[in-house]
Structure formats: C-alpha cells, structure tokens
Amino acid sequence: MAEAGYVFLVLTLIAGIVAAIFFILGKIRNSPILLRNANIATIALFSLATASILVLLFAILGHHFEIEYVASYTSRSTPTPYLISALWAGDSGSILLWAWVLGLFAFLCLKKKDPYAMTTIMVVEIFLFMLVIVTNPFARLSVPLEDGMGINPLLEHPAMLIHPPAILAGYAGVTVVFAFAISALLEKRFDRSWLDKSHAWAVLSWLLLGAGNLLGAWWAYVELGWGGYWAWDPVENAGLMPWLVMTAFLHSAITSRKEGLLNSWSIGLAITSFILVIFGTFITRTDILSSVHTFGQTAMSNYLSAFLIISVVGSLVLYLLRHKDIKEAGTIKTLLSKEGMLLLTNFFFLGSALLVFIGTIFPAITELITGTKATTGAEFFNSTSVPLFVAIILLLALCSLVSWQKALSGRSKELGIAAGSAAIITIILVATGIGEWYVLTASFVAAFALIAILLDTFRRTNMAKRNWGAYVIHLAIIIMAIGIIGSSAYDHYTEITLAPGESANVGNYTLTYNQLELQGDERRMIIEADVSVLSNNHYITTLKPQRAVQSYWGDWVWTSEVAIRSTPVEDLYLALLDWDENENVLIGATINPLIMWLWIGGSIFLAGGLLLFWPRKG
Amino acid sequence: MPKKFFAIGLLVVAVGLLSYFGLQQATTYYYEISDFLNLDPPPYDETVRINGIVADIKRDELGPINFKLLDATGKEAEIQVIYQQGQVPDTFQEGTSAVVEGVYTREGIFEAHSILPKCASHYEAKE
C-alpha cells in the first residue's frame with residue numbers, strides 16, 4: 001500500500017512536468033495538439049494526485065501503522081473525524097492536501113484556456129509534489145507498530161477539521177490568481193480579461209483564508225484555555241498576511257475592472273499575495289524565526305527557501321520588465337472619489353500587511369545586523385495595526401458616500417447624520433465612564449461607519465443580490481471590530497482560590513464552587529469543578545471547567561476544557577488551573593466584553609462572502 | 001510617473017514611522033537558553049525572552065507555576081522559572097519548547113510574566 005502511494009506521487013510529479021512543458025510549448029508554437037495533450041496531462045495529474053491522497057486516507061482509516069505518518073498522527077482509538085484530519089496534521093500531509101486542491105483548481109481552470117497561467121500552476125504543482133516526495137508521507141517504519149501515537153489532544157476540536165483545509169485551499173486559490181497575473185505579464189495582455197478570469201478564485205481564496213483565520217482564532221479561544229484568541233504568532237501572521245494583501249487586491253481589482261485604473265497595482269498585489277503564501281509556508285517550517293509555532297526544521301526547508309527565492313526574483317524581474325507596458329485608463333484625480341478611496345484602502349491594507357511582515361521577520365533582521373535576536377511582542381502589532389484598521393473603517397464609511405470619479409458631493413446630509421449620531425454614541429460612552437481615547441476613537445469610527453453604511457443601503461433599494469455581499473461583509477467587519485475593541489481593551493483576568501462551598505466575586509458575578517468531580521474512560525481522565533454562577537443574587541448557570549489528562553507520545557498531556565458563558569455583553573470564561581487533596585481549586589476567570597460580536601461578525605462575514613457568488617443575472 | 005513614486009514613498013515612510021515607534025516600545029531581546037547563560041554578566045532585571053525546553057512543571061499549593069527551562073540536550077543549561085499568573089495555554093507541556101518572557105533575578109530565578117509555548121501544529125518526539 002505504501003509503495004502504491006509513493007508511486008502515485010512520483011507519477012503525479014511526472015504528469016505535472018509533462019503538463020508544464022506541453023502548455024508552454026503549445027503556447028509558443030501555437031499548437032492545438034500539444035495544448036490538448038497538456039489538458040490530458042492536467043487531468044492525469046489531478047487523477048493521480050487524487051489517487052495518492054486516497055491511498056493515504058485509506059492507510060489512515062485502515063490503521064496501517066507500518067507507515068510512519070499514520071503511526072505518528074493516529075491511533076486505534078482516534079475518533080473517525082480526527083482520523084480524516086490526520087491527513088493534514090503532519091508536514092507532508094498538509095502540503096499534499098494543498099497540492100491536491102491546486103490540482104483540482106487546475107482541472108477547473110482548463111476551460112479558461114490560458115496556457116501561461118496553466119504553466120505557472122503546474123510549476124507550483126511540480127514544486128509542491130517535490131516537497132511531498134522529499135518528506136514522503138508513505139515512508140515505512142523499520143519496525144511496524146501495533147498502535148499509533150494518536151492525535152495531539154489539542155487538535156481534537158471541530159475547528160481543526162475545517163481550519164487547516166480552509167487555509168490550504170485559500171493558498172491554492174491565491175496560487176491560481178497569481179498564475180493569471182503572471183500570464184497577463186507574459187502575454188502583455190493588460191486589459192481586464194485576466195481579472196475576469198481570476199475574479200471568482202480571488203474571492204474564493206480570500207473567503208477561505210478569512211474563514212481559516214477566524215476558525216483558528218476561535219479554536220485558540222475555546223481550546224487553548226488562555227482567554228485570548230490571537231497571539232500574533234508567526235503562524236497566525238502567515239495566514240493573516242496573504243488575507244490582508246488579497247483584501248487589497250480585491251479592492252484594487254474592482255477599480256481595474258470598472259475604471260481601468262490601478263492595473264499595475266492589481267498585478268503587483270496578486271504577486272505579493274502568492275509570495276506571502278510561500279513565505280508563510282517557509283517560515284512555519286524552519287527555525288529562522290524561532291517561532292513558537294512551527295513544524296520544526298524539516299527536510300523541506302531548503303526546497304522552500306529555494307522556491308521562495310525563485311518566485312520572488314522571477315516574478316519581480318518579470319514585473320519590472322513589463323511594468324512600463326501596463327496601460328492605465330487615466331489617473332486618479334482626487335482621493336475623495338471612489339477610486340481614490342479604493343487606492344487608499346489598498347495602501348492601508350498593504351501597509352498593515354507590511355507592518356505584520358516587519359514584526360514577523362524582526363528577530364531574523366536583528367540577528368543579521370546585531371548578532372542577537374530581538375523580538376517584538378503583541379504590543380508592536382497592536383500599536384501599529386490598530387491605527388491602520390481604524391483608518392480602514394473610516395474609509396469604509398466615507399467610501400459608501402462617494403461615487404466614481406466624483407469628489408464627495410451631494411451627500412453631506414448623510415455624512416452629517418452619520419457623524420452626528422456617532423458623536424452622540426461616543427458621548428454616551430463617555431457618560432458611562434469609558435475614558436480611554438483610543439477606545440472612544442475606535443467606537444466613534446465604528447459607529448460612524450455602521451450608520452453611514454446603513455444609510456447608503458437604505459438608499460439603494462434595487463441592488464443586485466451579489467452586490468449585497470460587499471455591504472454585508474463591510475457591516476460584518478465593523479461588527480467584528482466592535483468585538484475586537486471590547487475584548488482587547490477591557491478584558492479582565494483574575495485568579496481565585498476556593499474551598500468547596502466557598503464563593504468569590506468576579507466582575508458582576510458571584511462564583512460558588514460546589515465540588516470537584518472525577519470522570520474518565522480508557523482514553524482520558526477528566527477533573528471537573530462544578531461552579532454556580534450568580535449575578536445580582538440570581539442564579540444564572542452552572543459552569544464546569546475541566547482539566548483532562550491523556551497519554552500522548554509517552555507523556556501525560558494536560559489540556560483544559562474551559563467553560564464559557566457567552567452573552568452579547570460579555571463572556572465569562574473559566575479555566576480550572578489547579579486543585580489540591582482537600583479539593584480546593586484555583587480557577588482562572590476572564591471577563592471578555594463584547595467578544596461574542598467577533599464570532600457573530602465572523603459568521604456574517606462568511607454569509608456575505610457566499611452572497612458574492614450569487615449568479616449574475618442573464 | 002512621479003505621482004506613483006510619491007504615493008509609494010508616502011506608504012514606506014508611514015510604515016517606517018509606525019514600525020519605528022512600535023519597535024521602540026516593544027522590543028525584547030531573545031536568546032536560546034544556552035546563549036543566555038553564557039552572557040557575562042547576565043542582563044539582570046531587564047525584560048528578555050528565552051527559548052528552551054520545559055521540564056518539571058510544579059505548582060506551589062494552588063499558587064504560581066514553577067518549572068525548569070532546559071537546553072535541547074537537557075543537560076547543559078538549566079534555569080528555574082517561576083510564573084505567578086497561573087493561566088497558560090494548553091500547549092505548555094513538559095518536553096515541548098516554550099519562550100518565556102520576564103526578568104532574570106540576581107538569585108538566579110527567572111520570573112516570567114508571560115509564557116509562549118510552541119503551538120500545537122504537532123509535536124515531534126524529543127530524542
């Protein structure tokens with residue numbers, strides 16, 4: 001079985017090489033026969049890639065513990081959904097999944113009849129399958145095991161069934177957009193055709209990356225038990241940066257498609273997104289950043305750094321060579337027009353991606369210059385990106401009040417209503433005792449944007465369904481911003497030690513610890529604290545934070561199962577930290593105001609994203 | 001096209017300024033544990049980050065977490081760490097690497113005020 005899988009991988013690689021050669025030769029010699037064969041090779045690549053991933057899946061489901069990958073990430077007691085998730089739990093498996101999705105996308109792109117784009121996709125496929133082959137997921141153990149090591153207990157969470165594939169499929173989608181951009185550069189075809197071809201892929205990859213990042217944040221919040229959801233870790237940043245640049249790209253592409261402006265920007269942003277994807281894959285698999293969040297130095301690192309350099313240099317040279325030929329339909333006359341604001345949006349998203357990038361590679365830079373690594377903390381990212389995000393939301397509000405090519409005009413009434421109501425809301429916030437200027441600024445801007453967008457929406461009564469998508473997404477972003485502002489500015493953490501029957505006050509809550517319970521099965525043991533929650537002397541709920549322990553890789557791994565009481569106002573987040581023989585417990589209690597709005601906004605964001613795929617009329 | 005260069009220049013300056021001020025307030029030196037212990041004199045009472053392998057996690061009676069930070073071999077370098085706040089991510093486990101941020105005291109104890117354990121993508125078995 002293992003050998004069959006490996007053979008399929010090698011055949012896939014060969015199909016990719018054949019397809020790449022046929023596509024480019026077919027294009028250069030203008031040969032329909034070669035191009036037809038290239039199509040066949042693409043279908044072969046996708047079929048063979050499907051075969052190899054199926055072999056791996058069957059090996060996992062069939063508990064073939066003679067295969068190292070299967071033994072490393074699954075065991076006989078792993079629940080079936082998490083057996084499937086083992087496909088992407090490891091290094092080579094995750095790259096295989098990415099490569100397979102890209103194979104699927106390549107197959108779907110055949111009908112666009114764009115040989116240069118297909119060549120580009122195939123080159124990336126060749127590289128990805130080389131990576132998979134080098135780290136061979138089908139490698140056999142010298143001594144087969146009776147049972148595998150099992151899944152990392154922390155990854156046993158529904159979010160982990162969707163988060164990694166969403167990010168990886170997003171990466172594949174970014175690759176497709178990049179391929180169409182490269183094709184436009186090679187063909188010197190700078191009309192909107194490449195943007196039309198890549199539009200659906202851009203939206204899809206952007207949504208997938210967005211969904212992936214959100215699910216990752218949610219997983220960190222509910223599973224890791226530290227009360228937060230985003231730590232600005234290099235791996236998180238690796239998923240965020242391409243999303244930020246893709247967001248810029250989508251806005252630039254609108255301007256290019258509608259007005260024939262910012263064409264050069266659009267191509268540059270598509271290339272940048274892809275480079276960030278490869279960069280993200282690279283930094284999570286090397287030690288250069290000493291990320292606390294890597295797969296560790298692997299055989300892939302050298303290949304990845306080589307490919308990173310090739311893609312950066314290659315696309316940069318091509319871009320610079322062709323840059324002069326890119327035609328713009330005109331220039332942007334005023335920043336207060338829709339195209340001007342879209343350009344500013346671009347700037348801010350690109351700027352925030354750059355800041356995240358600087359913060360992420362900062363340790364490597366300082367080591368290069370001074371010999372000692374200096375790191376940045378969450379403070380760096382928060383203090384630099386928050387002003388930009390506030391500016392983006394402000395733009396979002398203004399943008400809904402301006403039209404193409406015209407400066408702000410005739411909309412001063414709406415502007416006034418929005419600004420006035422936002423000011424009133426801010427004054428109310430001041431009256432309730434909120435004094436931090438940054439919270440007030442952010443709240444003012446969020447309220448202003450929210451009202452401006454709603455006013456604009458009411459004005460447009462017969463908008464096409466797919467245009468609603470953008471509105472819904474913009475609203476969702478503001479709702480998410482409210483959640484982020486509340487939970488990051490006013491989160492509050494305390495630790496309380498309680499004896500059975502004892503109570504303590506946390507925020508507006510009275511927590512009464514009743515008893516400690518012990519549960520368990522053959523897989524794991526669970527210690528659970530039973531805590532009654534009262535507010536204003538009224539019983540609200542009983543929360544049961546747990547600590548679970550199970551064996552993993554021969555060690556005992558402790559995980560916390562936090563208990564959360566969510567309301568639109570705030571989350572009460574309890575984690576059982578410790579206990580003693582007298583059943584006294586140490587409980588970590590976090591109050592996260594407004595955080596539910598982050599998840600509500602996130603869900604609306606995804607729903608709005610689906611609206612973007614609403615079929616166009618006629 | 002001077003306009004375009006002006007725009008890009010503005011972006012670069014803005015990002016540069018933001019990162020400069022951001023870095024001013026949020027830069028912390030980062031060391032591997034063996035490198036840190038080789039410093040002479042060690043930077044006492046200055047906030048630093050140290051990377052090492054977590055071992056011997058113990059809690060005082062419902063109090064702070066005590067643990068050792070070791071080098072990769074587990075033999076050559078060792079620092080005793082105390083962490084007053086009790087809530088750490090689940091990724092904090094014995095045998096996995098973690099970055100501790102805090103202050104090295106003259107008593108030779110590292111007082112951590114935050115712990116950033118290696119994330120759960122997966123763990124390679126430690127030799």
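Given the structure is predicted, the values throughout are model-derived calculations rather than measurements. Values reported hereafter were calculated over all heavy atoms of this structure, with side chains retained and with hydrogens, waters and symmetry mates removed. Numbers restart at 1 for each chain; the letters A, B, ... are given by sequence-line order, proteins then strands.
Heavy atoms closer than 4.5 Å to chain B are found nowhere in A/Ser352, neither backbone nor side chain. For a residue to count as touching a neighbouring chain, one of its non-hydrogen atoms must lie under 4.5 Å from one of that chain's; by this rule A/Ile151 does not touch chain B. The part of A/Leu350 that comes within reach of chain B is its side chain, from C-beta onward, which places non-hydrogen atoms under 4.5 angstrom from that chain.
Going from atom CG of A/Leu577 over to atom CD1 of B/Ile65 covers 7.5 Å, rounded to the nearest 0.5 Å. Atoms CG and OG1, from B/Leu17 and A/Thr384 in turn, are 12.5 Å apart once rounded to the nearest 0.5 Å. We find the CZ-NZ distance between B/Arg49 and A/Lys373 to be 12.5 Å, quoted to the nearest 0.5 Å. How far CD of B/Gln93 is from CG of A/Asn152: 8.5 Å, rounded to the nearest 0.5 Å.
Donor-acceptor pairing under 3.5 Å is lacking for the side chains of A/Thr559 and B/Asp90.
When every heavy atom of A/Glu495 is checked against every heavy atom of B/Gln84, the shortest pair comes out as OE1-O, 4.0 Å. When every heavy atom of A/Trp226 is checked against every heavy atom of B/Val88, the shortest pair comes out as CB-C, 4.3 Å.
B/Thr27 is listed as a side-chain neighbour of A/Phe362, based on a closest heavy-atom distance under 4.5 Å.
The greatest number of non-hydrogen atom pairs below 4.5 Å with chain B, out of A/Ser383, A/Ser560, A/Gly225, A/Gly351, is found for A/Ser560.
The environment of B/Tyr29 atom OH is sparse: at most 12 non-hydrogen atoms of other residues, nucleotides or ligands sit within 6.0 angstrom. Under a cut-off of 6.0 angstrom, the local environment of CD in A/Glu68 is sparse, with at most 12 non-hydrogen atoms contributed by other residues, nucleotides or ligands.
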